[in-house]
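First up is the structure itself, then whatever we jot down about it.
Keep in mind that this is a model prediction, so the values were computed, not measured.
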Amino acid sequence: VLAAVASAAGRQPPVPDALGGKPSLEFADQVRQSLGCPYGKMVMVGDRLDMDIEFGNSAGMQTLFVLSGEMTRADLQSARGQLVPDYVAESVALLGFES
């Protein structure tokens, strides 16, 4: 898979420029640097407590958990520590963003 992505990007494997993804703090830092924004002003929005919310909290971002995914209110109520979001919404559609 890496070779296909590298080829599509015009890069040569096996040494990629960077590899990252949730919940990697290196990935969080790449995002922060590309936005030029401090973590405290960023909001991680996601529908997984164990990936999205933990990722945002571990990086020092604000977090918004949306209930439109596979996780439920019961999952939210049992969340502890880094899995507890700052905010909760039924769906990202309620945020009022237009495409």
Side-chain angles (χ1 to χ4, degrees):
V1 172
L2 179 59
V5 172
S7 176
R11 307 302 259 179
Q12 295 300 315
V15 182
D17 295 315
L19 285 177
K22 298 177 297 187
S24 164
L25 291 180
E26 291 176 27
F27 177 64
D29 197 48
Q30 290 172 10
V31 172
R32 183 195 58 75
Q33 287 180 18
S34 73
L35 294 174
C37 184
Y39 287 129
K41 293 196 180 242
M42 296 171 66
V43 179
M44 178 63 196
V45 178
D47 63 358
R48 301 243 356 146
L49 296 166
D50 58 346
M51 290 289 292
D52 306 320
I53 302 307
E54 182 177 19
F55 169 69
N57 282 333
S58 66
M61 299 176 198
Q62 297 176 65
T63 54
L64 170 64
F65 176 63
V66 292
L67 290 160
S68 54
E70 66 183 64
M71 299 195 91
T72 65
R73 279 197 186 279
D75 295 317
L76 176 62
Q77 290 169 344
S78 65
R80 300 289 179 265
Q82 292 286 74
L83 302 182
V84 177
D86 296 303
Y87 309 101
V88 178
E90 292 296 323
S91 168
V92 292
L94 298 174
L95 300 178
F97 295 111
E98 295 180 25
S99 54

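In terms of hydrophobic clustering, with Ile, Leu, Val, Met, Phe, Trp and Tyr side chains grouped at heavy-atom distances under 4.5 Å, Met51 and Ile53 are assigned to different clusters. There is no path of hydrophobic side-chain contacts, each under 4.5 Å, that joins Tyr87 to Leu76. Following chains of ILVMFWY side-chain contacts shorter than 4.5 Å, one can reach Phe55 starting from Met42, so the two form part of one hydrophobic cluster. Cluster annotation: Val31 and Met61 are assigned to the same hydrophobic cluster (Ile/Leu/Val/Met/Phe/Trp/Tyr, side-chain heavy-atom contacts under 4.5 Å, transitive).
In this structure, Tyr39 contributes its side chain and Asp29 its backbone to a donor-acceptor pair below 3.5 Å. Checked by atom type and distance alone, the side chain of Asn57 pairs as donor or acceptor with a backbone atom of Val84 at under 3.5 Å. Between the Ser91 side chain and the Leu94 main chain, no donor and acceptor come within less than 3.5 Å of each other. When atom types are taken as modelled, the side chain of Glu90 and the backbone of Ser68 share no donor-acceptor pair closer than 3.5 angstrom.
Between Arg80 and Gln77, the closest heavy-atom pair is NH1-O, 3.2 Å. Residue Leu25 comes nearest to Ser58 through the heavy atom pair CD2-OG, 3.5 Å, listed as atom of the first residue, atom of the second, then distance. Closest heavy-atom contact between Lys41 and Gln62: CA-NE2, 4.5 Å. Between Asp52 and Asp47, the closest heavy-atom pair is OD2-N, 3.1 Å. Across all their heavy atoms, Val66 and Val45 have their closest contact at CG1-CG1, 4.1 Å. In terms of heavy atoms, Leu83 sits closest to Asp50 at CD2-CA, 3.7 Å.
Here the rule is side-chain contact (heavy atoms from CB on, under 4.5 Å) with Glu54, and of Met44, Gln82, Arg48 only Gln82 fits it.
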